[in-house]
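Below is one structure, written out as structure tokens; the observations come after it.
What you see is a predicted model; the values in this text were computed from it and never measured.
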Amino acid sequence: MLNDEKVTIGFRQAQPSDIGYLLRLRKASMGEHLIAAGLNLSDQQHLERVKEFFADSSIILMNEQPIGLIKLGVLTDKLHIRQLQIAPQYQGKGIGGKVLALVIKKSKVLRLPLTLNVLLANPVISLYLRHGFIVTGQNEIEYQMCCQ
């Protein structure tokens, strides 16, 4: 866990110069989960996902150093987490929970439900459940989740 007095979590808008970092982050944080779901993506397919909804992308910073990504879609009827990725060396330290708490707070301010999709075999689902998300649907590869 993180010692709150020494760690600051922040965000900055992703820039085109971040694409290389975001591609490496995606492959490092998502690669094994995608393969477990039967999705063995090429570098080009990963890059397409990095660039998809790029305007919604924010780099997650810890003490001003990039450690992850959050892509938030503000839609008319919901706030949707399109992607949330934390670099593997920072996982399990409470950072995802801190980011999620901030996003949940934003959804309450906007008075919108918060939604996301998560791969069926991705253990991060336990984080979402701890933060009040419930499963609202499922398809062959992922759960749909919502937090009111």
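Hydrophobic clustering (ILVMFWY, side-chain heavy atoms < 4.5 Å, transitive): F11 and V50 are in distinct clusters. Cluster membership check: I134 does not share its hydrophobic cluster with L79, using side-chain heavy-atom separations under 4.5 Å among Ile, Leu, Val, Met, Phe, Trp and Tyr.
Around the CD atom of Q89, the shell of radius 6.0 Å holds more than 12 heavy atoms that belong to other residues, nucleotides or ligands.
Contacts classified as ring pair (Phe, Tyr, Trp, His ring centres under 6.0 Å) and involving residues 107-148 (residues at least two apart or in different chains) are given here: Y128-F133. Counting only residues at least two apart or on different chains, no salt bridge (Lys or Arg N to Asp or Glu O under 4.0 Å) pair has a member in residues 104-123. Sorted by first and then second residue, the salt bridge (Lys or Arg N to Asp or Glu O under 4.0 Å) pairs with a member in residues 72-83 read D56-R82; sequence neighbours excluded. Sorted by first and then second residue, the ring pair (Phe, Tyr, Trp, His ring centres under 6.0 Å) pairs involving residues 53-104 (not counting sequence neighbours) form an empty list.
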Subject >> Evaluation steps, side-chain contact (heavy atoms from CB on, under 4.5 Å), between T136 and T115 >> reply: CA-CA 9 Å; T136 58; T115 63; over 6 Å; no
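Here the closest heavy-atom approach between residue P88 and residue A28 is recorded as CG-O, 3.5 Å. A pairwise comparison of heavy atoms in I104 and L114 identifies CG1-CD2, 3.7 Å as the closest pair. Looking at every heavy atom in both residues, I70 comes nearest to V103 through CD1-CG2, 3.5 Å. Taking every heavy atom of both residues into account, I67 and L25 meet most closely at O-CD1, 4.3 Å. Across all their heavy atoms, P123 and H33 have their closest contact at CD-CE1, 3.4 Å. Here the closest heavy-atom approach between residue P113 and residue C146 is recorded as CB-SG, 3.9 Å.
I60 CD1 to Q65 CD: the interatomic distance, rounded to the nearest 0.5 Å, is 14.5 Å. One finds the CG atom of L22 at 13.0 Å from the NE2 atom of H46 (value rounded to the nearest 0.5 Å). In this structure, the separation between CG on L72 and CG on L102 is 10.5 Å, given to the nearest 0.5 Å. Summarising the geometry, atom CG belonging to L112 is positioned 12.5 Å from atom SG belonging to C147; distances are rounded to the nearest 0.5 Å.
For the pair Y21/L69, no side-chain contact is recorded, criterion being any heavy-atom separation below 4.5 Å from C-beta on. At a threshold of 4.5 Å between non-hydrogen side-chain atoms, the residues L84 and V99 count as touching. Side chains of K71 and Q85 form no contact here, defined as non-hydrogen atoms less than 4.5 Å apart. Between R26 and L47 the shortest side-chain heavy-atom distance does not fall below 4.5 Å.
Applying the side chain to side chain contact (heavy atoms under 4.5 Å, CB included) test to R12 and every residue at least two apart in sequence or in another chain returns Q15, D18, I59, L61. The side chain to side chain contact (heavy atoms under 4.5 Å, CB included) test applied to S42 returns Q44, Q45, not counting sequence neighbours. Scored by the side-chain hydrogen bond (donor to acceptor under 3.5 Å, both in side chains) test, E142 finds N117 as partners (sequence neighbours excluded). In this view, K27 and D43 satisfy the salt bridge (Lys or Arg N to Asp or Glu O under 4.0 Å) rule, not counting sequence neighbours. Every residue two or more places apart in sequence or in another chain was checked for a side-chain hydrogen bond (donor to acceptor under 3.5 Å, both in side chains) with Q138, and none qualifies. Listed by chain and residue number, E52 satisfy the salt bridge (Lys or Arg N to Asp or Glu O under 4.0 Å) test with R49 (two or more places apart in sequence, or in another chain). Remark: N63 pairs with T8 by the side-chain hydrogen bond (donor to acceptor under 3.5 Å, both in side chains) rule, at least two apart or across chains.
Grouping Ile, Leu, Val, Met, Phe, Trp and Tyr residues whose side-chain heavy atoms lie under 4.5 Å apart, directly or via other members, places L39 in a hydrophobic cluster with M30, L34, L41, L119, I141.
Although no hydrogens or angles enter the test, the distance criterion places no donor-acceptor pair under 3.5 Å between the side chain of Q144 and the main chain of L116.
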